[in-house]
Amino acid sequence: MKPTPPARRSRLVAVILSTIIPGLGQGWLGEWPRALGVFLATVTALGATLWYGKPGWLVIPAALWVWNVFDCLRLPRGAPLWLATLLWLGMAYGIGWQATEINPRAFIENSERARSVFRPMLEPDFFRLRTEVRQGWVEVEVPCSSAPPRAEHTVEAVTVRVSPDCASLNEALIVTVEGLWPNEPTQVFWSTPIGDIKLVGGQYNAMLLVTSDEAGKITALVRVPPSAQDAMPDPTLPLKHRVYVEQERKIGGIEISRNGGYILQGIYETLALALLTTTLGAVLALPLSFPAARNLMSGHAVTFFIYLVIRTILNILRSIEALIMAIIFVVIVGLGPFAGMLALTVHTVAALAKLYSEVVEGIDPGPIEAVRATGATWLQVVRFAVIPQIVPLFTALTIYRWDINVRMSTIIGFVGGGGIGYFLWQWLVLNDYRAVSSCFIAIAVVVLTLDTFSARVRERLG
Amino acid sequence: MKPRTPPPLWRATKWIVLLVLLAAAYSLSWRVTQPDFLKLIVAAPKAKQIIGDFLHPDIIEREAEISLIEIPFPIPCGSTEVEAAPAPVRLRVEPACAEPRGIFRVSGSDLGPGSTVVMRWLLPSGGTLPIEQYPVDEEGAFSAEIQARPIAATKDGVPARLQAEVSVPLTRIHVSQAMRDVLNAIMVTIFMALLSTTLGTLIAAPLSFLAARNITRTSRLGSVVYYLVRSLLNITRSFEPLVIATIFALIVGYGTPFAGVLGLVITTAASLGKMFSEAVESIDPGPIEAITASGARRSQVVMYGVVPQIIPDFLSYIIYHWDINVRLSTIIGFVGGGGIGYYLSQRFNSFEYHKASTAILAIIVVVWALDFLSAQVRKRMA
Amino acid sequence: MLPLSSHPAHPPGECPLLQVQNLTKVYPSGTVALKDVSFDVDDREFLVVIGLSGSGKSTLLRCINRLIEPTSGRVLWDGQDITAAAPAELRSIRRQIGMVFQQFNLVRRSSVLTNVLSGRLGYANPWLSLIGLWPPTERERAMRALERVGIADKVNERADALSGGQQQRVGVARALMQEPRLLLADEPIASLDPVLAHSILQYLEQLNKKDGITVICSLHFLDLVHRYATRVIGLKDGIKVFEGLPQEIDRKRFKEVYGEEAQEVRAASLEAA
């Protein structure tokens with residue numbers, strides 16, 4: 001007896017099958033692609049809903065299940081596909097929206113924080129006005145010992161005097177300074193024996209500013225900060241604290257600020273990383289690309305096995321982001337550009353070897369045949385038929401990879417791999433958003449410039 | 001006219017200058033990167049240990065029966081009264097108290113063979129201070145010397161307590177907690193990729209028309225808009241999504257997937273916007289002319305003359321970017337963007353390489369599976 | 001359609017279908033594509049525009065339905081000034097003027113049916129058409145149009161799956177959907193084989209003779225001009241250099257339109273004929 005053709009099979013059995021396993025009935029009626037689609041849609045919806053664990057969402061897989069039975073009943077026309085699509089997308093985006101904690105209100109709720117981040121970013125810290133500094137200090141004993149030394153000290157022209165020579169917490173001191181620049185604001189602040197800077201203006205929360213007189217003298221009343229002895233093991237032990245005075249004035253012109261210097265160093269490291277990793281990666285990828293080319297390796301079982309092994313390793317390495325590799329290398333060789341270089345090189349080798357091997361696979365056999373037909377040796381065939389075909393493409397791919405590596409090396413520092421990302425991360429941790437902002441500008445300038453440059457080069461090659 | 005060939009001397013000089021520049025670039029790069037390949041050899045034992053950890057991902061675990069034993073331990077001696085331990089305690093401490101930095105011995109018996117003991121201090125302040133993990137020998141006994149840390153000193157008459165967590169392995173096996181956490185994070189990661197691709201596309205589509213020469217640059221105002229949008233897209237594209245995500249992590253919260261989604265949405269919008277605009281620029285103006293000539297409205301011209309021409313390109317770009325976003329969302333958590341990357345960086349920070357290995361395995365599997373899926377879809381479309 | 005009251009000189013029935021008056025087009029680059037071109041077109045004419053490529057034929061046809069904005073001059077449709085028409089008016093005039101293009105201008109990735117239906121957009125409900133909903137009557141009209149050009153069996157294929165001749169027939173069918181009174185054909189056969197060229201022009205002739213649709217067609221080949229045209233206009237460098245009946249084109253006239261070098265070629269082609 002011949003089996004019934006799928007189209008004539010019983011509708012009832014199909015509906016029962018679909019009720020048990022979504023899509024099974026459709027398959028039994030011969031509509032296998034539809035069956036697979038229905039099955040996958042229902043199962044993924046059910047899986048995602050169960051994972052998310054909010055029972056309300058179970059409505060959607062249930063509705064899909066009902067739709068599937070209805071679909072089976074109405075075959076070959078089936079139930080409307082848009083309904084199932086809508087249900088599935090509603091599930092995916094609904095759960096996705098909640099699972100990724102998307103909350104646009106966070107911008108309003110945290111607008112204060114956002115402002116505190118963005119406002120400093122409007123003044124990028126790269127250049128500063130050139131200034132010169134005049135500084136003086138004097139040591140004061142807190143609390144008083146039996147015979148406190150005289151509180152007077154001269155640094156270059158600046159003489160600082162404090163009377164009395166010692167004090168306890170909250171006690172008043174008179175600070176007189178001579179030899180400052182005249183008519184300039186002068187900062188006065190306190191430094192504890194361990195180097196903690198304490199402010200003495202306002203309620204010990206602002207910098208004390210005094211303007212010097214015509215003769216370059218100031219007199220100020222300073223109270224010993226109540227927190228001056230915090231973390232001292234023995235508060236009764238007299239220790240030498242310092243009172244600092246400092247003037248700063250512009251001398252015209254601008255210079256690169258300290259953070260600006262770090263940014264230049266970071267950019268330099270970034271470019272160096274990109275150059276070295278691309279070169280090293282290309283050099284290592286070159287010999288790997290031939291055994292990873294299917295057309296060269298499929299002739300023999302052993303070579304094919306080698307091809308499979310190399311391809312698999314390359315694929316695994318490519319699916320691990322360079323940043324993850326960088327973390328591993330940081331653990332092994334320590335923080336610094338070297339870890340980043342190793343990670344980027346490994347990733348570059350994996351990516352380039354695959355791209356190169358695809359070029360090798362795409363070689364036109366025509367020229368090889370033609371050169372061979374002239375009686376050329378194997379080396380001549382390679383020189384005149386193979387290399388001319390692959391060199392331009394290899395070069396283009398390498399430049400393309402260099403582009404990617406420049407971008408990657410801007411972020412490899414986030415995990416300690418060196419480059420500008422390392423400084424950026426530090427500044428983010430230290431909340432120095434002015435430096436962060438100039439970092440952003442530096443990255444944009446460098447990446448845009450190199451993008452344009454490599455586009456030009458590739459154009460000329462193409 | 002034949003192109004003039006430059007004299008050979010000039011060409012040679014050009015090459016020499018180029019080579020010198022290149023050599024300089026390499027030597028400078030070498031100096032700043034400080035490659036120290038010796039380090040790779042020196043660090044081999046460490047690497048071996050880490051790779052060993054990586055080869056044993058934490059996927060399943062044997063169920064264990066965990067029991068906690070606590071003993072008050074005064075430092076220094078006599079700082080507080082301690083009542084005698086109840087009789088059946090299987091843990092002994094000799095001496096029963098110690099001076100700061102003094103050494104004492106902890107031993108246990110009848111703990112069950114094959115089990116492990118994790119010792120820790122429960123500080124008077126409520127904190128815990130891990131000591132070490134000790135294996136139990138075949139007789140079910142263990143013994144270890146421990147130093148009395150000054151931080152565990154008695155405070156206000158309350159002594160620190162020594163806690164021993166004894167876990168006796170059972171024969172049943174189940175999916176480990178780490179595996180469950182990883183699955184959870186992976187699901188979030190996939191949803192992050194899905195939502196960022198979708199939202200990015202929704203932003204990119206209208207922008208791409210503004211950034212398309214043939215649509216926008218018809219008037220002077222249009223030219224201004226075109227250059228503005230183009231530059232905006234190019235500048236945004238020059239930042240890696242990780243860089244952008246750092247800022248959002250500051251604003252919407254460190255470690256939330258939302259921060260990662262925002263970072264990805266911005267870069268997806270910028271890079272899809274550019275790709276889309278190129279697709280729009282390459283459309284054939286003929287059909288638009290023909291449909292305009294038939295008396296159609298502008299909206300109808302766009303729907304019938306423009307949209308059918310760009311849909312296939314748009315779709316293939318979206319799938320391409322979906323692939324990229326899957327990869328990126330696995331690492332965006334490193335900077336506080338949530339998902340599997342956040343989990344991974346946390347495990348690295350606490351040196352739990354077995355668990356990190358689970359996460360990396362999961363990343364490989366997911367990236368592969370989704371690559372395969374999108375390759376299938378692309379094949380279908382072509 | 002009634003002419004506008006501002007043109008009392010042309011009462012209904014007497015005014016030509018289309019009047020082109022002093023039409024000039026200067027491109028932003030400075031190229032003068034049309035210079036002071038004037039002519040009238042009567043109902044049911046088959047007017048052929050000849051000239052070298054770059055002589056301004058395409059610009060002239062596109063200025064008529066304002067796909068290109070003329071720099072100066074007027075185009076009157078049934079007495080109504082197209083050049084001054086507001087957008088809504090312009091659309092309603094455009095839907096009476098069908099157009100066929102040298103490069104067919106089909107949406108290559110859409111189906112033949114969608115391409116043909118898009119000719120009807122000027123009549124369709126703007127909202128329903130945006131989401132691709134068409135009443136059955138319009139679908140039937142599209143099928144009839146395709147039957148007339150003989151490719152009804154290709155209705156569900158993608159436009160780029162068709163050969164060049166078939167694509168141009170879809171173009172003609174799309175123009176038919178507009179139920180036009182005037183058909184502008186911009187080098188409709190320049191991208192086709194000679195054999196196909198005749199078949200397309202025969203469709204246009206049929207539309208002209210049977211349906212009474214006025215045709216303005218730009219052409220390259222002089223022998224085809226003799227075969228199909230009822231009247232001829234010659235353009236050279238944007239200037240009208242000839243207007244008359246096809247049989248009036250002699251050697252001298254020809255030289256005026258096509259220039260000195262073309263003479264020998266034409267002579268050869270005449271001998272061959």
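Note on naming: letters A, B, ... go to the chains in the order of the sequence lines (proteins, then strands), and numbering restarts at 1 for each one.
Contact annotation: the side chain of B:K39 approaches that of A:V333 to within less than 4.5 Å [non-hydrogen atoms, C-beta and beyond]. Looking at B:Y353 and A:V331, their side chains come closer than 4.5 Å, going by heavy atoms from C-beta outward. Counting heavy atoms from C-beta outward, A:N103 and B:T256 have side chains that stay 4.5 Å or more apart. Proximity of A:N110 to B:L250: side-chain heavy atoms (C-beta onward) are nowhere separated by under 4.5 Å.
Between chain A and the options B:F37, B:F351, B:Y26, the largest number of non-hydrogen pairs under 4.5 Å is found for B:Y26.
Heavy-atom distances place the side chain of B:F348, and not its backbone, under 4.5 Å from chain A. Both the backbone and the side chain of B:R237 have a heavy atom closer than 4.5 Å to some heavy atom of chain A. Proximity to chain B (any heavy atom under 4.5 Å) is restricted, for A:W425, to the side chain, taken from C-beta onward. Looking at B:I247, only its side chain comes within 4.5 Å of chain A, counting heavy atoms on both sides. In this structure, the portion of A:V436 lying under 4.5 Å from any heavy atom of chain B is its side chain and not its backbone.
Heavy-atom neighbours of chain A within the stretch residues 331-344 of chain B, taken at a separation under 4.5 angstrom, comprise B:I331, B:F334, B:V335, B:L344. When the heavy atoms of residues 258-270 of chain B are compared with those of chain A, the residues falling under 4.5 Å are B:F258, B:V261, B:L262, listed by number. Among residues 357-364 of chain B, the residues having any heavy atom closer than 4.5 Å to a heavy atom of chain A are, in sequence order, B:I360, B:I363, B:I364.
Here the CG-CG distance, from A:D451 to B:N234, works out to 8.0 Å after rounding to the nearest 0.5 Å.
Residues satisfying the salt bridge (charged side-chain N to carboxylate O under 4.0 Å, His left out) test with A:D403, not counting sequence neighbours, are A:R458.
The aromatic ring centroids of B:F191 and A:Y93 lie 6.0 Å or more from each other.
Of all heavy-atom pairs between A:W51 and B:L183, the closest is NE1-O, 4.4 Å.
Heavy atoms from other residues, nucleotides or ligands lying under 6.0 Å from OH of B:Y254 number more than 12.
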